[in-house]
Amino acid sequence: MAPTRAEPFSDSSALIDFVINQGNGVKGLSEMGLKALPRQYIQPLEERMCMINIKAQESIPIIDMSNPDDPDVEKLICEAASKWGFFQIINHDVPIEVLENVKDATYKFFGLSAEVKNKYSKEHSSSNNVRFGTSFTPQAEKALEWKDYLSLFYVSEEEASALWPLACREQVLDYMRKSEVVIKQLLKMLMKGLNVNEIDETKESLLMGSMRTNLNYYPKCPNPELTVGVGRHSDVSTLTILLQDEIGGLFVRENNCDNWIHVPPIKGSLVINVGDALQIMSNGKYKSVEHRVVANGYNNRISVPIFVNPRPSDMIGPLPELIKDGEKPIYKQVLYSDYVKHFFRKGHDGKKTIEFAEM
């Protein structure tokens with residue numbers, strides 16, 4: 001039975017039961033029409049978004065991909081990856097209807113009943129590769145994040161057809177397939193920027209040997225200024241390809257300072273960011289950058305990232321081409337699955353995960 005609105009959660013166990021165990025998520029909380037945010041979601045002061053630190057006039061680069069073979073495009077992408085760690089691409093090869101379809105499918109999945117969604121939770125899912133959840137790592141966080149998600153780790157078409165939810169399966173697979181062309185274009189340019197001129201099968205597997213897509217749902221929130229949709233972090237991927245809706249709320253930290261820059265939604269665009277794995281493989285030439293999502297008091301928001309990763313069994317470290325001429329490696333070789341486990345063992349904590357790979 002859902003708690004009453006007047007006194008929704010007298011203790012943490014009642015909230016955990018409603019949100020996590022019953023599969024209602026924060027969407028269920030939002031739809032109760034709460035007048036105040038449950039205390040479990042109130043972030044420490046230092047983790048809340050301080051509006052005076054926002055640089056409204058700044059923007060991450062917006063790069064036109066209509067001619068991906070143009071050397072100027074390659075230059076812009078490599079510069080953006082080095083200086084910003086984030087950029088948006090427009091006029092890319094992923095059809096707009098594919099992007100619209102995956103957004104619709106995201107709403108469709110989160111519109112399912114709690115009982116149906118809960119079949120994909122950690123306790124009930126038939127596979128670790130399909131996971132419905134809430135927040136980031138609830139058991140390790142000081143305060144919970146205002147977000148629900150469905151995480152889909154791609155193994156094969158057969159497994160996806162058998163295990164992924166019908167509400168979004170075909171649309172996510174189509175989004176992943178169509179994005180692959182763009183991912184390969186970007187990686188080719190980024191490697192050329194490191195003087196790695198050929199991506200053979202081994203290198204391709206290291207850069208993009210595994211992929212995960214998340215469907216993220218950020219319901220409207222009674223006190224958005226007290227919480228976060230996603231806390232500050234950098235991704236553990238090689239690259240992340242993000243589709244955001246028209247609501248906005250993604251903020252990127254400006255390199256080497258405390259300023260934050262909003263990433264404005266542009267219809268049909270994709271937001272690209274460098275992940276820790278690429279920072280490590282590029283020996284620090286390309287930067288993964290802290291980013292976060294604010295909660296919203298008026299609208300539900302969705303986003304759909306594709307995380308392009310090494311395989312769990314891969315060793316990652318500075319690429320041999322970069323250190324063969326005596327350049328000092330600043331990262332050691334680490335097993336990628338160990339790196340990812342370290343990331344998920346704790347709450348979001350900015351860029352601290354990268355320390356795991358430092359010499």
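Computed from heavy atoms alone, side chains included, the values below leave out hydrogens, waters and symmetry copies. Small disclaimer: the values here were computed from a predicted structure and weren't measured.
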Exercise. Do the rings of Phe343 and His233 sit parallel, tilted or perpendicular, given the 30° and 60° boundaries?
Worked result: tilted
Exercise. Taking the inter-plane angle between the rings of Phe109 and Phe132 on a 0 to 90° scale, is it parallel (under 30°), tilted (30 to 60°) or perpendicular (over 60°)?
Worked result: perpendicular
Problem set entry | salt bridge (Lys or Arg N to Asp or Glu O under 4.0 Å): pairs with one or both residues in residues 151-172, sequence neighbours excluded | Glu157-Arg177
For this session: Measure up the Phe86 and His291 rings against each other and bin them: parallel (under 30°), tilted (30 to 60°), perpendicular (over 60°).
Result: perpendicular
Problem set entry | Pairwise side-chain contact, Val294 with Asn296, heavy-atom cut-off 4.5 Å (strictly under) | no
Problem set entry | Glu100 and Lys267 ion-paired at < 4.0 Å | yes
Exercise. When Ile, Leu, Val, Met, Phe, Trp and Tyr are grouped by side-chain heavy atoms lying under 4.5 Å apart, directly or through other members, which residues fall in the same group as Val181?
Worked result: none
Exercise. Side chains of Gln279 and Tyr286: does their closest heavy-atom pair fall under 4.5 Å?
Worked result: no
For this session: Using a 4.5 Å cut-off on heavy atoms from C-beta on, say whether the side chain of Ser303 contacts that of Leu250.
Result: no
Problem set entry | Test item: Glu31 and Lys27 side chains (from C-beta on) under 4.5 Å apart, heavy atoms | yes
For this session: Treat each ILVMFWY residue as a node, draw an edge where side-chain heavy atoms are under 4.5 Å apart, and state whether Leu322 and Leu206 are in one component.
Result: yes
Exercise. What pair of heavy atoms forms the shortest contact from Pro165 to Val130, and how long is it?
Worked result: CD-CG1, 4.3 Å
Exercise. Looking at side-chain heavy atoms only, is the closest gap between Glu74 and Lys188 below 4.5 Å?
Worked result: no
Exercise. Is there a salt bridge (Lys or Arg N to Asp or Glu O under 4.0 Å) between Lys178 and Asp174 once you walk through the steps?
Worked result: CA-CA 6 Å; Lys178 299 290 195 311; Asp174 200 25; 2.6 Å; yes
Exercise. Side chains of Lys287 and Val274: does their closest heavy-atom pair fall under 4.5 Å?
Worked result: no
